[in-house]
Amino acid sequence: VLSSSSLSAHSANLDLVVRHVLAGLGHGIHAGRERGAGVEFSEYRAYAPGDEWRRVDWKLLARADRYYVREAERDSHVAVWLVLDATASMAEPSRTVAGLTKLLYARALLACVAAIAQRQGDAFGLVVCRGERADFLPAARGPRHLQRVLARLDGVDADGVLPAAGTLRASLHFSRAPGVVCVAGDFLDWPSPLADALLRLRRMRHDVRALCLHTQAEADAAFDTAPAYRDPEQGAALHRFDRDAYARRRAAHFDTVARDCRRHDVPLLQARIEQPPGDVLRAWLRTPATGARAR
Amino acid sequence: MNPTSLWWWALPVVLLPILWHRQKRAQTKTVPLATARFLPAARPQQRRVWRWHDVILLLLRCLLLVTLIALLADLVLPWRGDAVLVVPGTAPSVVERDAAGFAGAHRIDLPDRDAVVWLHAHEREFAPQARLLVVGDAVMPAVLPRFRHAVVLRTATTPTAPIERHVAVFSTRDAAWRRLFAAAAGPWHVVVDAAPGPRTELIVWDRPEAPPMNLRAPLWWATDAAAWPGLTQAPSVDGLHWMDTPRGRVWHADGWPPQEPDGARALFAAWQRQHVGMQPYTAPAQVLAPDAGAPAGPASGALRTWLGMALVVLFALERMVTHVRRR
């Protein structure tokens, strides 16, 4: 049986990964006001590919021989913002699962969140931080928007460094409306403009949920000592592997991250990309105990 | 030592392409690691490796330089072993007898009698331990020759047939002149022709009138100076006047034909010395010990053509390989 991690590593089809991960998951993460599509009938709309079949009005099909979809009044007020850190360090591969990287894992989880939001009828948008830019996809509802988000996530590759504070501030203008902000990244840059933006969003009473990804090798501090290492985001400086120093500094860094998140009441989930994505997703979206750790 | 051999000192130039093609440093293998910032910094480690890139091009360039230096240094390969140098005109039986201790030695037929000059020019072609034997009527050099090889001279005078010298006599005292030429025994056999021909080397003009203009010979003996304007004023050596004319060189002395043997001998000696050339002596048979300090022979240029062709081919190949590498 293909494990979920391997599947997300090897499947080019994010949709398939999302279905697989969400198979054992409930339908919602919060109680929306919406009671299903079509409760407050609004209008008919011509069917478009991507619409759910159960929303097609079959009686109207029998009468008009055309597919129509019942549009309902939606009154969900929650917008879900997916923030993906796609800097060069996110290309860090798993040393045990071939082909799996932090970026692939983060992409799959964010796609799952988008699918859940779409099922609930929430609006969802995407912000991809890479190459000193923040690519912004406005929040919208519906299956077609889900396809757009999945396509955008599919095309992302890890490159460059985080955008500057000014760029981020310009991109996060959605902060007026209340929403859920799901951030997936490695949080190796802390403090950083992205961290400042998240903490600011939290102060503005957004529900900010951070997912910090590690690899099993990083958690175990188990790397080969023979080669010299270089940071993909910090030029040509060389480093040699020293297990004790590595474990000490890494623990200190992520303790700082966790402490800052706890102080600002931002739930931070630390996960390894070798873990099953379903479990991590459930832990991430559960009503949080602040500073939860999955590692 | 041959001065062109100094070019061999340029051989270290070959080290230049070897150094240019050496991969001097190879950087340590680096692996990207996202969490490398938690690791202590390391100095860039560079290892020295003795490895070369573009080995074919390197070989071509080294060969090119070596060939060029060999060409300039006039490379001579010592490819000859023991040898028997046979002077032309030596009877095979004599060669067989004299070359007794040189079984298996290579026979070389010399182009002329001067074995010492030939050996001097070709001595570098012989291997250092080669033994050399000269057989036949070799010419004796003016000074004792020095060679780097042991050279054995088993020389002997070869009796040869007397050389014919054709003479035309225009004289009323024909019998006296014939008696004179008949006395020239030994290495010469003087033939008195009735009329001058192409082989005539001497014309005796013993007449008062001038000779016809179409009559030509390398040497004239004139008895009557009146027939030759200006002959009496011509320079003289030992009473012998000589003058160059369009017909040939003219000699004149009073009292010709010589009546006494000494005068005849002196006349023939002068003829031999001035017109025929000195007959060399035969070198005495002896053993020349090898002399390490003997001067090397002159530049032979034996391999010059081959080295030049090799140079052109190597240069073309080097250019081609360089071009392919750049693409």
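Convention: sequence-line order gives letters A, B, ...; per-chain numbering from 1.
- Residues A/H239 and B/P40 are not in side-chain contact: their nearest non-hydrogen atoms beyond the backbone lie 4.5 Å or more apart.
- Residue pairs meeting the ring-ring contact (aromatic ring centres under 6.0 Å, His included) criterion with at least one member in residues 121-146 of chain B, sequence neighbours excluded: B/W118-B/H122.
- The side-chain heavy atoms of A/R230 and B/L33, taken from C-beta on, include no pair separated by under 4.5 Å.
- In terms of heavy-atom pairs under 4.5 Å with chain B, the best-connected choice from A/E92, A/M90, A/R240, A/E233 is A/R240.
- Both the backbone and the side chain of A/A245 come within contact range of chain B, each with at least one heavy atom under 4.5 Å from a heavy atom of that chain.
- Across all non-hydrogen atoms, the minimal contact from B/A34 to A/E218 is CB-OE2, 4.5 Å.
- By the neighbour-count criterion of 12 heavy atoms within 6.0 Å, atom CH2 of B/W7 is sparsely surrounded, having that number or fewer from other residues, nucleotides or ligands.
- Applying the ring-ring contact (aromatic ring centres under 6.0 Å, His included) criterion to A/Y246, with sequence neighbours excluded, gives A/F223, A/F241.
- In B/I18, the CD1 atom is crowded: over 12 heavy atoms of neighbouring residues, nucleotides or ligands sit closer than 6.0 Å.
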Might you work through the side chain to side chain contact (heavy atoms under 4.5 Å, CB included) test for A/Y229 and B/F38, ending with a clear yes or no? CA-CA 11 Å; A/Y229 291 100; B/F38 302 134; over 6 Å; no
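- Around CD of B/Q286, the count of heavy atoms belonging to other residues, nucleotides or ligands within 6.0 Å exceeds 12.
- Smallest separation of non-hydrogen atoms from A/L188 and B/R37: O-NH1, 3.2 Å.
- Enclosure of atom CD in B/Q129 is not indicated, since only 12 or fewer non-hydrogen atoms of other residues, nucleotides or ligands lie within 6.0 angstrom.
- In this structure, A/R95 places its CZ atom where more than 12 heavy-atom neighbours from other residues, nucleotides or ligands lie under 6.0 Å away.
- A/R249 and B/L39 make their closest contact through NH1-O, 3.6 Å (heavy atoms, listed as atom of the first residue, atom of the second, distance).
- Both the backbone and the side chain of A/D189 have a heavy atom closer than 4.5 Å to some heavy atom of chain B.
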